[in-house]
Amino acid sequence: MGQLSNQRLSEQLAFHYMWEHAHKIKDKKAIKALSNYDSTSNRFPELPYIMSIRSSLMNKYGIGITHTHVSMKKVMKQIFFFKGYTLIDKINYMRGSLFSLKTLFHYTLKDDLAKTTTAFELPIYIIHGKFDYQVSYELAKSHAEKILAPKKKFFSFEESAHSPIIEEREKFIETMKVIKQACQ
């Protein structure tokens with residue numbers, strides 16, 4: 001879900017979308033904040049950008065975690081009150097998210113999976129929201145077309161950004177049933 005392909009290019013596409021959208025809706029605060037970053041720089045995107053303006057604007061513009069503007073507070077509340085997680089699971093969820101961002105994200109920027117990772121010996125099923133700019137929908141779809149696998153399918157979620165499981169829950173469950181049946 002939310003398949004990476006060329007994350008550096010994905011980040012540049014997201015930046016460009018946010019820049020254009022901010023100008024279109026005359027969001028002066030966003031324009032000012034985005035002006036501090038150069039999406040063509042070899043250092044782009046740096047962690048301070050990711051953890052500040054990028055994430056907040058993506059969520060504000062409906063191209064981040066969700067398209068339907070489900071607040072991060074609501075998502076965190078769902079995680080916090082989910083009975084399937086222990087308290088330590090909930091704490092480790094947050095710690096793990098920060099750890100992966102700080103420790104692993106720069107590795108995703110170095111690779112173009114559409115060039116380096118296209119052949120698989122197992123079935124590949126990709127679930128992706130059309131409004132996802134956190135991990136570009138268009139790049140993921142293009143990557144999926146190049147994949148060689150015994151079975152493959154790309155599932156588009158028309159009303160979602162990065163979290164179809166939250167935004168289109170029923171369709172997500174049905175999709176998982178289709179995948180499960182295809183794997184039997």
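Nothing fancy with the numbering, it's 1 onward along the sequence. These numbers come from a predicted model, not from an experiment.
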**Report entry** Side-chain touch Arg95/Asn92, heavy atoms, less than 4.5 angstrom
**Finding:** yes
Report task. Indicate, with yes or no, if the rings of Phe44 and Tyr49 have centres closer together than 6.0 Å. Result -> yes
Requested in this report: State, with a plain yes or no, whether a side-chain heavy atom of Leu109 is found less than 4.5 Å away from one of Phe105.
Outcome: yes
Report summary line: Note: with side-chain heavy atoms under 4.5 Å as the link, the other cluster members for Phe120 come out as Leu122, Ile124, Ile126, Tyr137, Ile147, Phe154
Requested in this report: Might you confirm whether atom NZ of Lys153 has over 12 heavy atoms from other residues, nucleotides or ligands at distances under 6.0 Å?
Outcome: no
Query - Geometric class of the His23/Trp19 ring pair [parallel <30°, tilted 30-60°, perpendicular >60°] - result: tilted
Requested in this report: Kindly indicate whether the side chain of Asn36, heavy atoms from C-beta on, has any atom under 4.5 Å from the side chain of Ile53.
Outcome: no
Report task. Mind checking the CZ-NZ spacing from Phe81 to Lys90? Nearest 0.5 Å is all I need. Result -> 8.0 Å
**Report entry** Aromatic plane relationship, Tyr61 with His21 - under 30° parallel, 30 to 60° tilted, over 60° perpendicular
**Finding:** perpendicular
Report task. State, with a plain yes or no, whether a side-chain heavy atom of Gln134 is found less than 4.5 Å away from one of Met58. Result -> yes
Requested in this report: Check whether more than 12 heavy atoms from other residues, nucleotides or ligands sit under 6.0 Å from atom NE2 of His16, and answer yes or no.
Outcome: no
Requested in this report: Kindly work out whether a path of hydrophobic side-chain contacts (I/L/V/M/F/W/Y, heavy atoms less than 4.5 Å apart) joins Leu9 to Tyr133.
Outcome: no
Query raised in the report: Are there more than 12 heavy atoms of other residues, nucleotides or ligands under 6.0 Å from atom OH of Tyr85?
Result: no
Report task. Side-chain contact test, heavy atoms from C-beta onward, threshold under 4.5 Å: evaluate it for Lys115 versus Asn6 and give yes or no. Result -> no
Requested in this report: Rounded to the nearest 0.5 Å, what's the gap from CZ on Arg54 to CG on Asn59? Could you check?
Outcome: 9.0 Å
Query raised in the report: In the single-linkage hydrophobic clustering (I, L, V, M, F, W, Y; side-chain heavy atoms under 4.5 Å), do Leu98 and Phe80 co-cluster?
Result: no
Query raised in the report: According to a 4.5 Å side-chain heavy-atom criterion applied to Ile, Leu, Val, Met, Phe, Trp and Tyr, with indirect links allowed, do Phe15 and Leu57 form part of one hydrophobic cluster?
Result: yes
Query - Atom pair NZ (Lys110) and NE2 (His106), whose distance is rounded to the nearest 0.5 Å - result: 4.5 Å
Query raised in the report: With a 4.5 Å limit on heavy-atom distance, are the side chains of Lys151 and Tyr125 in contact?
Result: yes
Query raised in the report: Should the ring pair His67 and Phe131 be called parallel, tilted or perpendicular, given that the plane angle runs from 0 to 90° and is split at 30 and 60?
Result: parallel
Query - Sub-4.5 Å side-chain heavy-atom contact between Glu174 and Glu170 - result: no
Requested in this report: State plainly whether one hydrophobic cluster holds both Val135 and Ile50, where clusters connect Ile, Leu, Val, Met, Phe, Trp and Tyr through side-chain heavy atoms under 4.5 angstrom apart.
Outcome: no
Query raised in the report: In terms of hydrophobic clustering (I, L, V, M, F, W, Y; side-chain heavy atoms under 4.5 Å; direct or indirect links), are Leu139 and Leu4 co-clustered?
Result: no
Report task. Report yes if some heavy atom in the side chain of Pro164 is under 4.5 Å from a heavy atom in the side chain of Arg169; otherwise report no. Result -> no
